[in-house]
Engineer: 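Following this message is one structure expressed as structure tokens.
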Amino acid sequence: MTHIFGDFKDCPPNTQEYFMFGFSPHSKISFKELWETNGLLADFFTNYLTIFYRDRDTQALKEDVSFIANELLENARKFNDQTAKDPIKVQFQLYNDRLILCVMNSVPTKNVDGFQSFLPELLRSNPHELFRRQIEQGKKAGSTKASKLGLQTIIKDYEEATLGWKFDKVKQSPEKIVVTTMVQLAIG
Amino acid sequence: MGNIISEKYSVIYNTKTATIHCQGTMQLTDEEYEPITQFLDEVVALELSRITLNIQKLEKLNSSGIAMLGMFLSTVSDNQTVELVSQFSKKNWQTKLGKTFQKMMPTLQIEWE
């Protein structure tokens with residue numbers, strides 16, 4: 001069973017140019033140390049990809065891809081099903097006019113409803129009002145954890161980006177759900 | 001008040017200029033932002049008439065860091081006697097953040113590098 005939210009297109013994984021990457025969701029090293037790999041990977045992806053877009057404004061593209069990739073990687077790390085052994089997968093598809101970034105990770109089944117009910121709110125709300133609400137929520141909780149600003153910042157600040165999600169039930173018993181988060185970034 | 005200095009980033013309060021300087025790369029976990037949030041709250045608690053937040057030498061900031069600075073802005077807004085000045089660089093992401101903060105806090109005075 002599949003559920004789609006936002007702007008999600010099933011694309012063939014092998015377009016003219018593509019890039020795929022996978023890594024284990026767990027490690028012997030601490031979560032804090034593991035967290036540092038998000039920025040490292042985002043920078044690596046960014047430097048790799050800009051080689052293919054040398055004729056564009058690569059500085060702006062670098063900044064945008066680095067922020068978006070880091071946020072999707074952080075979310076995958078943060079919200080991944082800790083019992084799942086499947087790799088977290090990253091896939092870039094490179095087109096002349098856009099870049100598609102997909103990140104796939106398992107979601108604990110108990111979190112799926114909450115995630116799915118947040119997405120329509122995220123897509124429908126005025127981004128600046130939602131930002132203010134999320135900040136107040138974070139302040140009330142006394143932690144940035146409650147702010148849920150990653151996806152929201154991509155929607156608010158990156159007009160050239162669209163977001164979509166696909167939830168796939170990949171196993172019936174015990175139930176296992178994989179979410180694919182897709183960002184399509186138009187490149188001028 | 002203890003400044004926060006680590007290998008990749010620092011948050012320093014200059015008492016002479018009443019300026020908070022955030023520098024380096026801040027792509028931290030929510031837990032790592034907690035002492036910084038506390039530090040910023042301590043600056044607000046000094047009841048100054050004017051505070052400057054300078055992030056011009058901040059290379060990167062993740063969304064949890066944006067939340068941290070947003071929460072700081074909101075705390076300053078609650079205290080209506082403080083004037084807040086925010087200094088940004090012209091990096092793409094800082095321009096976007098400046099616009100967001102301006103909408104959130106219309107009294108915020110923004111200075112671009």
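Within every chain, numbering begins at 1; the chains are lettered A, B, ... in the order of the sequence lines, protein sequences first and strands thereafter.
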Engineer: How about NZ on A/Lys145, more than 12 heavy atoms from neighbouring residues, nucleotides or ligands closer than 6.0 Å, or not?
Structural biologist: no
Engineer: Heavy-atom distances under 4.5 Å only: say whether A/Asn75 touches chain B with side chain, backbone, both or neither.
Structural biologist: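 It is neither, since no heavy atom gets under 4.5 Å.
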Engineer: Among B/Lys8, B/Glu31, B/Lys103, single out the residue with the greatest number of heavy-atom pairs under 4.5 Å to chain A.
Structural biologist: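 Looking at each of B/Lys8, B/Glu31, B/Lys103 in turn, B/Lys103 comes out on top.
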Engineer: Given heavy-atom pairs under 4.5 angstrom as the criterion, report whether the side chain, backbone, both or neither of A/Asn38 touches chain B.
Structural biologist: neither
Engineer: A/Lys176 and side chain to side chain donor-acceptor pair (under 3.5 Å): which single residue from A/Asp86, A/Thr109, A/Asp81 fits?
Structural biologist: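 One option only clears the test, and that one is A/Asp86.
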Engineer: Below 4.5 Å, heavy-atom pairs only: which of A/Trp35, A/Phe67, A/Tyr158 has the largest tally toward chain B?
Structural biologist: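 Heavy-atom pairs under 4.5 Å are most numerous for A/Trp35.
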Engineer: So, do A/Phe79 and A/Phe115 have ring centers that fall under 6.0 Å from each other?
Structural biologist: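 No, the ring of A/Phe79 stays outside the 6.0 Å limit from the ring of A/Phe115, centre to centre.
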Engineer: Which of residues 81-94 of chain B have a heavy atom under 4.5 Å from any heavy atom of chain A?
Structural biologist: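 Result: B/Lys91, B/Asn92, B/Trp93.
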Engineer: Which atoms form the tightest heavy-atom contact between A/Ser66 and A/Ala42, and what is the distance?
Structural biologist: O-CB, 3.7 Å
Engineer: Test ring pair (Phe, Tyr, Trp, His ring centres under 6.0 Å) on A/Phe45 and A/Phe21 and set out the steps.
Structural biologist: CA-CA 10 Å; A/Phe45 295 152; A/Phe21 193 90; 5.4 Å; yes
Engineer: Measure from the side-chain N and O atoms of A/His26 to the backbone N and O of A/Thr83, and report whether any donor-acceptor pair falls under 3.5 Å.
Structural biologist: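 No; zero donor-acceptor contacts below 3.5 Å.
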Engineer: Please determine, among A/Glu71, A/Glu129, A/Gln59, the option with the most heavy-atom pairs under 4.5 Å with chain B.
Structural biologist: A/Glu71
Engineer: Counting distance only, does the side-chain N/O of B/Thr100 pair as donor-acceptor with the main-chain N or O of B/Lys96 below 3.5 Å?
Structural biologist: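 Yes, because the side chain of B/Thr100 sits within donor-acceptor range (under 3.5 Å) of the backbone of B/Lys96.
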Engineer: Tell me, for B/Thr95 versus chain A, whether the close heavy atoms (under 4.5 Å) come from the side chain, the backbone, both or neither.
Structural biologist: neither
Engineer: Heavy atoms, side chains only, cut-off 4.5 Å: are A/His3 and A/Val112 in contact?
Structural biologist: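 Not touching, per the 4.5 Å side-chain cut-off.
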Engineer: Tell me, side chain or backbone of A/Gln152 under 4.5 Å from chain B's heavy atoms, or both, or neither?
Structural biologist: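 Neither part.
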Engineer: Got more than 12 heavy atoms from elsewhere within 6.0 Å of CD, B/Gln80?
Structural biologist: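 For B/Gln80, atom CD is not crowded (no more than 12 foreign heavy atoms under 6.0 Å).
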Engineer: In this structure, are over 12 heavy atoms from other groups packed under 6.0 Å from A/Glu175 atom CD?
Structural biologist: yes
Engineer: Report the distance from atom CD of B/Gln27 to atom NZ of B/Lys60, rounding to the nearest 0.5 Å.
Structural biologist: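 Spacing of CD (B/Gln27) from NZ (B/Lys60) equals 5.5 Å.
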Engineer: State yes or no: are the ring centers of A/Phe167 and A/Phe5 separated by less than 6.0 Å?
Structural biologist: yes
Engineer: Treating B/Ser10 as the side-chain partner and B/Ile12 as the backbone partner, does any N or O pair qualify as donor plus acceptor under 3.5 Å?
Structural biologist: no
Engineer: Measuring heavy-atom distances to chain A, does B/Phe72 have an atom under 4.5 Å in its side chain, in its backbone, in both, or in neither?
Structural biologist: neither
Engineer: Select one option (side chain, backbone, both, neither) describing which atoms of A/Thr153 are under 4.5 Å from chain B's heavy atoms.
Structural biologist: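 Contact with chain B: side chain only.
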Engineer: Which residues in residues 35-59 of chain B have any heavy atom closer than 4.5 Å to a heavy atom of chain A?
Structural biologist: none
Engineer: Is there a side-chain contact between B/Thr25 and B/Tyr9 in this structure, where contact means two heavy atoms from C-beta onward sitting under 4.5 Å apart?
Structural biologist: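 No, their side chains stay 4.5 Å or more apart.
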Engineer: So for A/Asn70, is it side chain, backbone, both, or neither that comes closer than 4.5 Å to the heavy atoms of chain B?
Structural biologist: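 For A/Asn70, the contact with chain B is made by the side chain alone.
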Engineer: Please look at A/Gln134 and chain B and tell me whether the side chain, the backbone, both or neither of the residue comes under 4.5 angstrom of a heavy atom of that chain.
Structural biologist: neither
Engineer: Under 3.5 Å, side chain of A/Thr50 to main-chain N/O of A/Asn47, donor-acceptor pair present?
Structural biologist: yes
